[in-house]
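The structure under discussion appears below in the form of C-alpha cells.
Note: hydrogens, waters and symmetry copies are ignored here, and every other heavy atom, side chains too, is used. Convention: sequence-line order gives letters A, B, ...; per-chain numbering from 1.
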Amino acid sequence: MKTVSAPYQFKGGIHPDYHKELAWKSAIERMPNPSELTVPMSQHLGAPAKVCVSPGDAVKKGSLIGEQNGFISASVHAPVSGTVKAVVQSCSATGRSCQAVVIESMDDGETEYFEPIVEWLHTHKERLRNRIGEAGIAGMGGAGFPTRVKLSPPHDKPIDTVILNGAECEPYLTSDYRVMLEHADKICIGAEIIQHILGAKTVRIAIEDNKPDAVRAMEKACAQERQGIEIDILPTGYPQGSEKQQIYNITGREVPRGGLPMDVGCVVENVGTSLAIYEAVVHGQPLIERVITVTGEAVERPANLLVPFGTSYRKLVEHCGGVRESVAKVISGGPMMGFAVGSLEIPTGKTTSGLVLLPSGCIQQFSSQACIGCGRCVDACPMGLVPSELSQFIEADDIEGAERIALMDCIECGSCAFVCPAHRPLVQHMRRGKTGVMARRAAADAQTRK
Amino acid sequence: MDSETIKFILTPFLWVGLTGLVIGVSLALAAKYMAVREDPRIAQVTELLPGANCGGCGFAGCAEYAKAIVVDNADITLCAPGGAACVDSIAAFMGVSAGSVEKMTALVMCCGDDESAERRFSYNGINDCAAADALAGGDKGCTYGCLGYGSCARVCPVNAIIIEKGLARVNKALCIACGKCIAVCPRKLIKLVPTAAPIHVLCNSKDKGADVKKVCSSGCIGCRLCTKFGDEGAFVMDGFLAHVDYSVPITREEVIEKCPSKCIRRN
Amino acid sequence: MKPENTSERFIVSSSPHIHEGSSVERIMLDVLIALTPALAAACYFFGFDALRLTAVCTATSIATEWLCRVMMRRNRSIGDLSAAVTGVLLALNLPPSLPTWMAVLGSIFAIGICKQIFGGLGYNVFNPALAARAFLLISFTGMMTSWSDSDWSATLTLNEGVIDIATGATPLGAIKDAVKAGREIPGFTLAGVARLFIGDTNGCLGETSVFALLIGAAYLLYRRVITWHIPAAYTATVVIFATVLYCVNPQTSVMPHIHLLSGGLVLGAFFMATDMVTSPVTKRGMLIFGVGCGVVTMVIRTVKTGAYPEGVSFAILFMNALTPLINRGCRNRVFGAKS
Amino acid sequence: MEYLLLIVSAVLVNNFVLSRFLGICPFLGVSKKLHTAMGMCGAVIFVMTVACAVTWCLQNFLLKPLELEFLQTLTFILVIASLVQLIDIAMKRFVPPLHAALGIFLPLITTNCAVLGAAVLNMKQGYGFVKSTLFGFSAALGFALALVIYTGLREKIDRADPPRCFQGVAIALVTAGLLSLAFMGFSGIVK
C-alpha cells in the first residue's frame, strides 16, 4: 500500500465553493423507518424492475419485490418489513414516472438476506457476480449503472486497474466522505472483492486533497491488506470525480471518444458501491439503504443519514429539522449534476447521494442572454469541447452541426454553465441537442432496418 | 452604300457569326460525345424551376435543387422566386399530393391555461417545450396538458399558432395542416381535425376525474355526460377521456353547456 | 424564461444549480473601471474636449441602445453596460477636436448599425466602436486626422537639424509623411519616448497615454476579464515585424519601441482586440488572431503608399471578420480523440 | 516584385467584391455554407484564370488585327459563356469527382460579372499575356478570400437574432458593407 499524488491532471475544470463544512462533521446516523415507504422500481439505469408482489403480501426486510428485467436492469428489495399496501405510479427525481411498491412498515426486526459468502476469495467469480446482481447493486455515484454488468467485461477487454472513486467533487455532498471515514475497512474489502472478480492487478483509491482525514482512514484500513492497493490524492477541483477525467489523472490513459473505461483496462466504482458490495457478499444484505447527505443553507440541521430506499424527501427534510428560510431550490444529488425537483413527495433511491436545499441567494438563475463569446466555457470544459458554439448550433436547431463538433462527447458536468457570465443554460442545450441526435439516430436505424 | 461601309458592317457580323458557329458546333459535338446519362426527371424539374439560379433555396442553383428534389426528396416548397405556381407544377410532376380531400386543421387538445391549470413549480430554462418537459416532467401540474413554451408556434411556417396565457392556440384561418407542430409537441396533444367540425373535447388527460380536478379546473373528468346529452355516437369514451368522433354529424350543441368542466368547446 | 418564485413553488432548472457569480454586467463594469485611467489621462492632456466627447458618445450610445430595444420590442439591455463601454471606447478613439455632431453620428452607427441590427450584444460580428471609428475615418477623413497642437515634435531629432513637420500631426503621421516624401525619418530623443509613454502627444483621446492604458490593462488581467493571449501575440508580432524592418532598412523605418508606444496599439491590443464577442474563443485562436492583427497593423503602417498612417482599427476589424473562421479552425482537441 | 504587387492589389486592395463590387450575386448566393463556398471559390479561380487567358488571345489575335475592339463585350460574353459550358461538359466526362465538387457552380459563373470584369479590366490596363492570366487568377483569389471570410460571418449571423425586418438578405448586406469597411484599411497600399 502506498499513497501518491495523481501523476496527471486533465485540462479544464472549475473550482466552486464547496460548502462541505455544513455536513462533514455530522456522523452517519440511521434514519428511523418511516411508517410508509414508496419503493420505485426504477432506481437504476436501464429497464425498470418487474413488480413481483401484490397488495396484501407480507414482506420482510430484504425480500425481493422487483425482479431484474433484462440484462441492463437491477432487482429491488424491501427496505423494511411490513405489508405491501399498493402498487402505484410514482415520480422519480428526473420526472420520469415508474411503478412503485408502497410498503406499510412494521418493525419486527426480521430479515430475509442472502447467505453470507465469507470465503469470497475462494469463491467462483461468477457466483460473486450473481450475488452482486441479485442484491440489486447499481452504481451509487449518481448514474446508477447496474454493477453486475460493469463487472462483466467482455473477454477481449482485460481490466488491469480498479479505481475506487472517493473524490466526491460535487460541492455540498459529504456522504462518500463520511462513508470513507466510518467504513474504511469495509470499503477496502469491497474493493478487493471487485479486484478479485475482475482479476485486476491494482486498486487505486482516488480521494481529493481536501479530505485528508478520509485519506488517513483509508490508509489505516488498507495498511494491513495486501499489495496492489494505492491511494491517489487528487488536487481538489471539479470534475475530479468524473470517470474519464479520473482515469486520465491516475493512469494517464484517455478513454477513447464514444468508448468506455474498460477500453483502457479500467473500471471505476464509487466507494459507496464498494461498501454495498461488501455488505452483499460478506453479510448477504441486498442493497436496501444508503447514506444520503441532507444539506444546504436552507436546511436547519445538515446531516448524513442512512436511509432506507423509498423514504420520501419530505421525511428526510423533516428529520433534519425542516427548512430554515424560504427554500428556492431542492436538488436531488449534488448541485453540479443533480436534478432540481418540483416537490418533496419523491422517494429516495439507489442513486440519491444527497438532498441539497438552497435559498434563492445561492442558486444559479439562467437567462436567455446571447453568448458573448468570452470563451470561459471553452477553458472550463474538461472534454475539450466548445460549449458556446455547441449551444448556438442547438439554439439554431442545427443538430447535425452540433454533432459534427462533438456534441455527443459532452459529459454534462456543468462546468461551462457554472462559469458562463451570460448565465446561459448550456447543459440544458446540450441535453436537448443530444435528445435530437438520439432521435435522429433511432430514425436512421429504423430506416436501415426497413 | 460604298464597299467600305459594307465591309465595316459585314466584317463584325461575319466574325462574330463565325465565332458563334465554331463555338456552337464544338459545344454540340462536346455535348454529343461527352454526354453523361442522368435521371431525365432532373432536367424536367429544372425546366419547371424559374432558372434564376439565385441559390435562395440553399442549393447551388436551380439544377442542383432539381436534383435534390428528384434524388433526395427535398422539400419542394423552397423556391421563393417560383412561388406557389412553381410548387404546384413540381407537385404535379413529382406526383406529390398537394391537398387532401377534406380540409383539416391542427387543434391543441388542451384548454388548461394559466387560470384553470396550475403549475407545480417555476421553470427556469430554455424556451422549448421538449426541454421543459424533460425537466422533472414539465412544470404543468397536468402531465398531459400544454406547457405553453411555444415550440409549436416557432415551427409553424405560417405563424398560425399563438401562445396565450401559457396555452397554445391555432388560428384556424391560417393553418395549412402541415403537421409540423404535431411532430414537435412533446406531449402529442396537437391533432389534425376536420376544419368543419363544430365542437371538440379540448382535453388530453387520461387520468381519473379526481386526479384531473386536482391540477386543472377545465379538464375532462370522464363523467360521460356528453355521451348522454350529445348526438348518438358523437362522443366516445377512451378510459376517463371523452373525444369526438368526427364522422358523426353534430346537431345538439347543448352538450357544451352540460359539460361540468367546460372542456367541450367550439373552435 | 423569467424565474420567479412567488408562491411556495420551487424553482426547477437544468443542472448546474450553482454559479461562480460572474456576469456580463460585472465584466462591462470592469472594462469601464479599467478605462478610467486612460480617461483621466485624456482629460489631463486634452482638457474639456475629452470630457465633451466621452459624455456625448456615452450618452448617445446608451440612448441609441435604448431606442433600438424599444423599437425592436425586446427586453431593455442598457443595464448590461455594454452600450456605455462602446460609447467610452469610441470616444477614446476620436481626435479631441472632432465636432460633437460627428461623435453623435459615430455612436449611432456603432450601436444602431454595428450592434443592434444584428440582435444586440453577442450577435455583432464587428467591434462596434472600431467599426464606427473606421466609418468616421472614411467619411470625414479631414476632421478625423486633424490634431490639436501639441509641441511634441520638438523632441524629435533630425540630423540636418531642421524640424520640418507640420504641426498637428501624430508621430505615426509624421513618420509616414516623411517616408512618403522620401525625407529622413525623424529620430526620437529619450524625452520624446518618455512623452509618448506618458501620453503628452498628438493622437486620439485614449490612445496616447500608454502608461494609463497599461494600468487599466493590468486591472483587466487581474480581474481575468481578458487573458494575455491576444495582447501578447499582437504586440509581439508588431515588435518582431518592426525589428526585422529596422534591421533590413534602418533609413526608412523607426525603432520597434516607437511602434509600440505610438498610435493606438496599446489601446487596440488590450481593449479593442480583446472584445469578447468579436475575438476567438480558444487560446490557440486568440494567438492567431493577435498575430494577424499585428501583421495587418504593420502592413498598413509601414507600406509607403498606404493611405493611413495608423492601421490598428482596420487590422482589428479585418481580424474580426476572420474570427468565425478562426473559431472554426481552432477548436481544442476533444478528450479521447486520436491525435 | 511587380507580379507580387499585382497579386496583393487584386486580392486585398482592389478586391473585386469589396471594393469593385463585382460578383455580388454568387457572393450573396453561395455564402451560406463553407463547403459550397469553397467549391465556388475553386470554380471561380479556375474559370477566371482560363477566361482571362482566352480573352487576351481573342483580343490580341482577333479583335485588334481586325479593329473590332468595339465588339469586345459581346464576344467576351459569348466566349466566356461557351467556355464555361465546354469546361462543364468536359469535366463531367473526364474528371467526374472534380465536376462533382466544382461542376455545379460552373453554370452560375456564366453570369458572374466578375469574370467579364476581369477580362475587360485586363484589356483596359493593357497587360501582357502572363500578366493578364495572373491578374485573372489573383482577382479570383481575392473573390475567394472575400467569399470565404464572408461565409464565416454569414454562418455566425445566421444564428444571430436580428429584428424581423432585417432578417435574411438585409442583414447579410449590412454585414457585407461592414466587411467592405474593414477592407478599406488596405486602400492605397498598392496603386
Side-chain angles (χ1 to χ4, degrees), chain A residues 10-11 14 16 171 244 248 254-257 259 326-331 335-343 356 358 360 362-376 378-379 381-386 388-389 405-406 409 412 414 417-419 421-423 425 427-428 431, chain C residues 1-5 8-28 74-75 77 80 82 118-124 224-227 229 274-286 323-324 327-328 330-339:
Chain A
F10 67 89
K11 279 199 188 115
I14 50 168
K244 291 179 177 179
Y248 177 73
E254 283 190 12
V255 178
R257 291 179 65 185
S326 151
V327 50
K329 214 169 199 179
V330 180
I331 302 151
M336 289 303 293
M337 287 189 76
F339 303 94
V341 294
S343 90
V356 184
L358 297 177
S360 57
C362 299
I363 58 168
Q364 156 99 286
Q365 292 277 8
F366 291 113
S367 96
S368 52
Q369 258 179 311
C371 168
I372 59 161
C374 63
R376 291 182 186 182
V378 181
D379 297 340
C381 181
M383 294 302 288
L385 311 181
V386 187
S388 54
E389 205 181 3
I405 56 171
D409 287 81
E412 297 176 23
F418 178 81
V419 296
H423 294 256
V427 175
Q428 200 180 13
R431 291 209 184 109
Chain C
M1 203 82 181
K2 46 174 193 256
E4 47 184 336
N5 192 27
E8 299 270 287
R9 294 183 300 180
F10 303 141
I11 296 172
V12 172
S13 74
S14 156
S15 60
H17 306 286
I18 49 175
H19 192 269
E20 66 169 10
S22 61
S23 68
V24 176
E25 299 86 71
R26 180 67 222 192
I27 289 174
M28 294 299 166
R74 303 249 175 107
N75 59 322
S77 58
D80 69 20
S82 62
F118 290 90
L121 179 69
Y123 294 126
N124 54 310
R224 292 196 297 146
V225 171
I226 62 171
T227 57
H229 301 76
T274 53
D275 171 35
M276 293 167 169
V277 181
T278 55
S279 63
V281 290
T282 58
K283 300 285 175 256
R284 205 149 50 94
M286 288 178 184
T323 297
N327 273 337
R328 206 185 160 102
C330 291
R331 296 193 189 101
N332 292 335
R333 191 186 76 96
V334 175
F335 184 93
K338 289 185 194 79
S339 38

Check your understanding: Considering all heavy atoms of both residues, which atom of A/Phe366 and which atom of C/Ser13 are nearest to each other, and what is their separation?
Key -> CE1-OG, 3.4 Å
Check your understanding: Quick check: are there more than 12 heavy atoms from other residues, nucleotides or ligands sitting under 6.0 Å from NZ of C/Lys283?
Key -> yes
Review point. So C/His19 and A/His423, would you call those rings parallel, tilted or perpendicular, with 30° and 60° as cut-offs?
Key: parallel
Exercise for review: Sort C/Thr227 into side chain, backbone, both or neither according to what part of it lies under 4.5 angstrom from a heavy atom of chain A.
Suggested key: neither
Study note, to complete from the structure: Between the CD atom in A/Gln365 and the NE2 atom in C/His17, the distance rounded to the nearest 0.5 Å is 12.5 Å
Revision key, fill the gap. Nearest heavy-atom approach of C/Ser22 to A/Val419 is OG-O, 3.4 Å
Check your understanding: Tell me, side chain or backbone of A/Val356 under 4.5 Å from chain C's heavy atoms, or both, or neither?
Key -> neither
Revision key, fill the gap. Okay, A/Ile331 and chain C: the region with an atom under 4.5 Å from a heavy atom over there is side chain
Check your understanding: Of the backbone (N, CA, C, O) and the side chain (C-beta and beyond), which part of A/Leu358 lies under 4.5 Å from a heavy atom of chain C, both, or neither?
Key -> side chain
Point to revise | chain A contact via C/Ile18 - side chain, backbone, both or neither, heavy atoms under 4.5 Å | key: both
Practice item. Compare every heavy atom of A/Glu254 with every heavy atom of C/Ala337, then report the nearest pair and how far apart it is. Key: N-OE1, 4.3 Å
Review point. Between CD of A/Gln369 and CG of C/Leu121, what distance do you get to the nearest 0.5 Å?
Key: 7.0 Å
Point to revise | Between C/Val277, C/Asn332, C/Val334, the one whose heavy-atom pairs under 4.5 Å with chain A are most numerous | key: C/Val334
Practice item. Supply the atom-to-atom distance A/Cys374 SG to C/Arg224 CZ, rounded to the nearest 0.5 angstrom. Key: 11.0 Å
Exercise for review: Search all heavy atoms of C/Ser15 against all heavy atoms of A/Gly338 and return the closest pair with its distance.
Suggested key: CB-O, 3.5 Å
Study note, to complete from the structure: Interface check, chain A: of C/Gly21, C/Ser82, C/Pro280, C/Gly122, most non-hydrogen pairs under 4.5 Å belong to C/Gly122
Review point. If every non-hydrogen atom of A/Ala422 is compared with every non-hydrogen atom of C/Val24, which pair is closest and at what distance?
Key: CA-CG2, 3.8 Å
Study note, to complete from the structure: Heavy atoms of C/Phe10 and A/Val341 approach each other most closely as CD1-O, 3.7 Å
Practice item. Would you indicate whether the side-chain heavy atoms of C/Arg331 and A/Ile405 approach each other to under 4.5 Å? Key: yes
Practice item. Among A/Pro335, A/Gly375, A/Gly414, single out the residue with the greatest number of heavy-atom pairs under 4.5 Å to chain C. Key: A/Pro335
Check your understanding: Is it the backbone or the side chain of A/Val386 that comes under 4.5 Å from a heavy atom of chain C, or both, or neither?
Key -> side chain
Study note, to complete from the structure: In terms of heavy-atom pairs under 4.5 Å with chain C, the winner among A/Gln428, A/Arg431, A/Lys329, A/Glu412 is A/Lys329
Review point. Is it the backbone or the side chain of A/Ala406 that comes under 4.5 Å from a heavy atom of chain C, or both, or neither?
Key: side chain
**Study point:** Heavy-atom contact with chain C under 4.5 Å, split by part of A/Lys244
**Key:** both
Point to revise | Spatial distance of atom OG (A/Ser367) from atom CG (C/Asn75) [nearest 0.5 Å] | key: 8.5 Å
Exercise for review: Taking the side chain as every heavy atom from C-beta outward, state whether A/Arg376 and C/Glu20 have any atom pair closer than 4.5 Å.
Suggested key: yes
Exercise for review: Check each atom of A/Pro382 against the heavy atoms of chain C and say whether the ones under 4.5 Å are side chain, backbone, both or neither.
Suggested key: backbone
Review point. Among A/Leu385, A/Asp379, A/Ile14, which residue forms the greatest number of heavy-atom pairs with chain C at distances under 4.5 Å?
Key: A/Asp379
